[in-house]
Enquirer: 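This is the structure I want to talk about, given as structure tokens.
Numbering of residues begins at 1 and proceeds along the displayed sequence. Remember, it's a predicted structure, so these values are computed and weren't measured experimentally.
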Amino acid sequence: MPTSSANDAPAEVAASKPPAASGGVQSLERAFDLLERMADAGGEVGLSELSASSGLPLPTIHRLMRTLVACGYVRQQANRRYSLGPRLIRLGESASRLLGTWARPYLARLVEETGETANMALLDGDEIVYVAQVPSKHSMRMFTEVGRRVLPHSTGVGKALLAHTPPEEVRALLARTGMPAATEKTITTPEGFLDALEEVRRAGYAVDDNEQEIGVRCLAVPVPNSPTAAAISISGPAGRVTEAATERIVPVLQQVAVELSAALVNAGPTSS
């Protein structure tokens with residue numbers, strides 16, 4: 001997912017993090033903050049980088065990292081840098097399933113109001129993964145299904161998720177994944193994809209026009225302020241998801257995305 005610039009000033013990076021919860025356990029809050037900073041930095045960092053971005057003294061960071069390594073949530077590399085550990089994978093997979101569960105009522109509303117299949121997808125590394133879907137009542141086989149992974153350049157959700165990523169990061173991602181053509185309408189050049197992202201920023205939504213599957217058109221928007229980069233979309237036959245239908249569907253997508261965002265941000269348990 002998009003990462004913070006390594007050149008950001010420590011004060012700016014620290015300011016981007018939420019304030020510590022009142023009454024929380026400070027060491028636990030600091031440990032999770034360090035894990036998030038590691039993820040923002042691409043998954044591998046040195047202690048001095050963590051100290052600069054968090055403002056914590058090196059001895060404190062070293063003590064926390066030692067505990068995280070012992071628990072398997074962080075690994076120390078041969079070069080003495082630290083990387084996110086394998087035990088986080090199980091937590092992430094479980095969280096993704098729950099994210100899909102929380103999203104389903106909102107996707108069901110999309111289906112009810114648009115008549116088309118509704119999806120939710122995340123950016124996982126360099127790939128798009130679909131984590132939730134509510135199918136349309138119309139009988140039509142769709143390429144999307146929960147758990148499926150695709151490359152971002154050929155999907156509406158991929159465009160929505162990458163629209164505000166710096167161009168150099170987008171180019172680097174495309175260089176890693178390649179840009180294979182799923183159909184004759186798939187965008188296969190970095191310049192073409194960056195132009196498409198510019199159009200997403202201008203219009204406020206993304207379109208997959210027969211680019212992943214011939215005969216299928218998708219409309220997608222990001223979920224604003226989501227805890228992890230997420231987008232929702234509707235997919236349907238190009239004959240139904242027309243330009244006229246787009247004008248009607250996009251405001252519904254955008255409203256549901258805002259409501260889903262609020263639900264995800266407030267998904268934690270309430271105090272008794």
Enquirer: Assess whether a salt bridge exists between Arg109 and Glu113, defined as any Lys/Arg side-chain N lying under 4.0 Å from an Asp/Glu carboxylate O.
Expert: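 Yes, this pair counts.
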Enquirer: Leu34 versus Tyr82: any side-chain heavy-atom pair under 4.5 Å?
Expert: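 Heavy-atom side-chain distance check fails, nothing below 4.5 Å.
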Enquirer: Assess whether a salt bridge exists between Arg217 and Glu116, defined as any Lys/Arg side-chain N lying under 4.0 Å from an Asp/Glu carboxylate O.
Expert: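 No, this pair does not count.
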Enquirer: Taking the side chain from Arg104 and the backbone from Gln133, do they hold a donor-acceptor pair closer than 3.5 Å?
Expert: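 Judged by distance alone, yes, a pair lies under 3.5 Å.
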Enquirer: Classify the side-chain pair Thr186/Glu211 by whether it contains a donor and acceptor separated by less than 3.5 Å.
Expert: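 No.
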Enquirer: Kindly indicate whether the side chain of Val134, heavy atoms from C-beta on, has any atom under 4.5 Å from the side chain of Leu110.
Expert: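 They are not in contact (no side-chain heavy atoms under 4.5 Å apart), so the answer is no.
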Enquirer: Treating Thr246 as the side-chain partner and Thr242 as the backbone partner, does any N or O pair qualify as donor plus acceptor under 3.5 Å?
Expert: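 Flag set: sc Thr246 to bb Thr242 pair under 3.5 Å.
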Enquirer: Determine whether Gln254 and Glu259 make a side-chain contact, defined as any pair of heavy atoms from C-beta on separated by less than 4.5 Å.
Expert: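 No, every pair of side-chain atoms sits at 4.5 Å or beyond.
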Enquirer: When clusters are formed by joining ILVMFWY residues with side-chain heavy atoms under 4.5 Å apart, either directly or through shared neighbours, do Phe32 and Leu64 land in the same one?
Expert: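 Looking at the clustering, Leu64 is in the same group as Phe32.
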Enquirer: Let me check something: do Leu28 and Val74 share a hydrophobic cluster, defined by ILVMFWY side-chain heavy atoms less than 4.5 Å apart, either directly or through other members?
Expert: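 Leu28 clusters together with Val74.
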Enquirer: Which pair of non-hydrogen atoms, one from Leu161 and one from Ala121, has the smallest distance, and what is that distance?
Expert: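 In terms of heavy atoms, the two residues are closest at CD1-O, 4.2 Å.
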Enquirer: Can you hop from Val200 to Ile249 via hydrophobic side chains spaced under 4.5 Å?
Expert: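 No: no chain of side-chain contacts under 4.5 Å links Val200 to Ile249.
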Enquirer: Do the side chains of Glu127 and Arg176 get close enough for a salt bridge, i.e. N-O under 4.0 angstrom?
Expert: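 Looking at Glu127 and Arg176, the cut-off is not met.
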Enquirer: Just by distance, no angles: are the side chains of Asn119 and Ser233 close enough, under 3.5 Å, to form a donor-acceptor pair?
Expert: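 Indeed, the side chains of Asn119 and Ser233 share at least one donor-acceptor pair under 3.5 Å.
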Enquirer: Output yes when a side-chain donor or acceptor of Arg201 lies under 3.5 Å from a complementary backbone atom of Ala163, and no otherwise.
Expert: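 Pair found, side chain donor or acceptor close to backbone of Ala163.
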Enquirer: With side chains defined as the heavy atoms from C-beta onward, is the minimum distance between Lys159 and Phe193 less than 4.5 Å?
Expert: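 Contact flag for Lys159/Phe193 side chains = yes.
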Enquirer: Heavy-atom distance under 4.5 Å between the side chains of Thr117 and Val111, does that happen here?
Expert: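 Sidechains of Val111 and Thr117: no contact.
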Enquirer: Count the heavy atoms of every other residue, nucleotide or ligand shown that sit under 6.0 Å from CG of Asn225, and state whether that count exceeds 12.
Expert: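 No, because the 6.0 Å sphere around CG of Asn225 holds 12 heavy atoms or fewer from other groups.
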Enquirer: Hey, are the side chains of Ser261 and Pro224 touching, using non-hydrogen atoms and a 4.5 Å cut-off?
Expert: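 Side chain of Ser261 against side chain of Pro224, heavy atoms only: contact under 4.5 Å found.
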Enquirer: Do the side chain of Ser226 and the main chain of Ala229 share a donor and acceptor less than 3.5 angstrom apart?
Expert: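 Pair absent, no side-chain N/O of Ser226 close to backbone of Ala229.
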Enquirer: Could you tell me whether the side chain of Cys218 reaches within less than 4.5 Å of the side chain of Val216, counting heavy atoms only?
Expert: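 A side-chain contact under 4.5 Å exists here.
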Enquirer: Quick check against the 3.5 Å criterion: does Thr60 have a side-chain atom that pairs as donor or acceptor with the backbone of Leu56?
Expert: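 Such a contact is absent between Thr60 side chain and Leu56 backbone.
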Enquirer: Can we say Glu49 and Arg81 salt-bridge, meaning some charged N sits less than 4.0 Å from an Asp/Glu carboxylate O?
Expert: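 Counted as a salt bridge, because a side-chain N and a carboxylate O are separated by less than 4.0 Å.
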Enquirer: If you count every heavy atom of other residues, nucleotides or ligands that lies below 6.0 Å from Arg80 atom CZ, does the total exceed 12?
Expert: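 Atom CZ in Arg80 is not packed in, count stays at 12 or less.
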Enquirer: Sub-3.5 Å donor-acceptor pair from the side chain of Thr67 to the main-chain atoms of Arg63, do we have one?
Expert: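 Yes.
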Enquirer: With heavy-atom distances below 4.5 Å as the criterion, would you say the side chains of Pro86 and Arg75 are in contact?
Expert: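 In contact.
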